[in-house]
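Comments concern the structure below.
Since we're looking at a predicted model, the values are computed, not measured. Lettering of chains follows the sequences in order, A, B, ..., and the numbering in each one begins at 1.
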There are 2 protein chains.
Amino acid sequence: MKSQHAIQCRLRALRRSRPGLTQQALADQVGVTRQTILSIEKGNYSPTVGLALKLARVLDVAVEDLFSLPEGEDDV
Amino acid sequence: MKSQHAIQCRLRALRRSRPGLTQQALADQVGVTRQTILSIEKGNYSPTVGLALKLARVLDVAVEDLFSLPEGEDDV
DNA sequence: AAAATATGTAAAATTAACTTGACATAAAGT
DNA sequence: ACTTTATGTCAAGTTAATTTTACATATTTT
């Protein structure tokens, strides 16, 4: 189930901007299974920082470019 | 137990650079318990991206400034 | 159109993140 | 010295991330 507090994820778009970078290929590069990539792209859940850092590195973007908090989550 | 693939975490130093920012205060601001902050600072585990983004926002730094992958983890 | 590759769905199992609560030590304030 | 506030430790429980496996549907290639 998708968590309610889900963060925004631009993984799919960024991955597809890299020709030939398949889910499996990306999964191999960051050391997870294809299911994990798929689930993150689908928004089923969001990764841990470690994985986020690896994904950002492979895609050559900042973590903040890959994932971002939904607006209006600033209230205490 | 600290995971072997642990990422580097500069949370404690950054938190302490903010006078008055106690573990409890930080925990409240990002919506977790004090134990979670303590465990992350101690390196017991690393947070999910969502929490990492919130911590980075409160501390006004980039996620990459707070957490970073250990060097030499670039081999396939 | 058949074969191969890429993506999607779904469920059970495992591991790790996070919580709760209780107590112990350290530091700071009065 | 006492009280308060901040940090640390430990254990058990809950929830979420990740794996594994298996199959289904697209998409691409020949």
Please list, for nucleotides 18-20 of chain C, all pairs of protein and nucleotide N/O atoms separated by less than 3.5 Å.
unit_1: C:dC18; atom_1: OP1; unit_2: B:Thr48; atom_2: N; d: 3.4
unit_1: C:dC18; atom_1: OP1; unit_2: B:Thr48; atom_2: OG1; d: 2.9
unit_1: C:dT19; atom_1: OP2; unit_2: B:Thr33; atom_2: N; d: 3.1
unit_1: C:dT19; atom_1: OP2; unit_2: B:Thr33; atom_2: OG1; d: 3.0
unit_1: C:dT19; atom_1: OP2; unit_2: B:Thr36; atom_2: OG1; d: 2.1

>> Counting only side-chain nitrogens and oxygens, does B:Lys42 get under 4.0 Å of the OP1 or OP2 atom of D:dT9?
In response: yes

>> I'd like to know if the side chain of B:Glu64 and the backbone of A:Ala62 have a donor-acceptor N/O pair within less than 3.5 Å.
In response: no

> A:Leu69, B:Phe67: one ILVMFWY side-chain cluster at the under-4.5 Å cut-off?
Replying inline: yes

Check whether any side-chain heavy atom of [X] lies under 4.5 Å from a side-chain heavy atom of [Y], and answer yes or no.
X	Y	result
B:Val49	A:Thr48	no
A:Leu66	A:Gln8	no
A:Leu59	A:Leu11	yes
B:Val30	B:Ile37	yes

Going by side-chain hydrogen bond (donor to acceptor under 3.5 Å, both in side chains), name the residues that satisfy it together with [X], two or more places apart in sequence or in a different chain.
X	answer
B:Ser17	none
A:Arg10	A:Ser68
A:Arg18	none

For a quick test of your reading: what N or O donor-acceptor pairs under 3.5 Å do the side chains of residues 19-26 of chain A make, sequence neighbours left out?
unit_1: A:Thr22; atom_1: OG1; unit_2: A:Gln24; atom_2: N; d: 3.2
unit_1: A:Gln23; atom_1: NE2; unit_2: A:Glu41; atom_2: OE1; d: 3.2
unit_1: A:Gln24; atom_1: NE2; unit_2: A:Asp28; atom_2: OD1; d: 3.0

> Taking only Watson-Crick and G-U wobble pairs with both distances under 3.5 Å, what dot-bracket line describes DNA chain C, where [ ] shows pairs that cross earlier ones and | shows pairs with another strand?
Replying inline: ||||||||||||||||||||||||||||||

Given atom [atom1] of [X] and atom [atom2] of [N], what is their separation to the nearest angstrom?
X	N	atom1	atom2	answer
A:Leu38	D:dA26	CG	C1'	14 Å
A:Asn44	C:dT9	CG	C1'	10 Å
A:Glu41	C:dT7	CD	P	8 Å
A:Leu55	D:dT18	CG	C1'	13 Å

>> Which residues pass the side chain to side chain contact (heavy atoms under 4.5 Å, CB included) test with B:Thr36, not counting sequence neighbours?
In response: B:Val32, B:Thr33, B:Ile40, B:Tyr45, B:Leu51

> By a strict heavy-atom criterion of less than 4.0 Å, which residues belonging to residues 11-27 of chain A are in contact with DNA chain C?
Replying inline: A:Arg12, A:Arg15, A:Thr22, A:Gln23

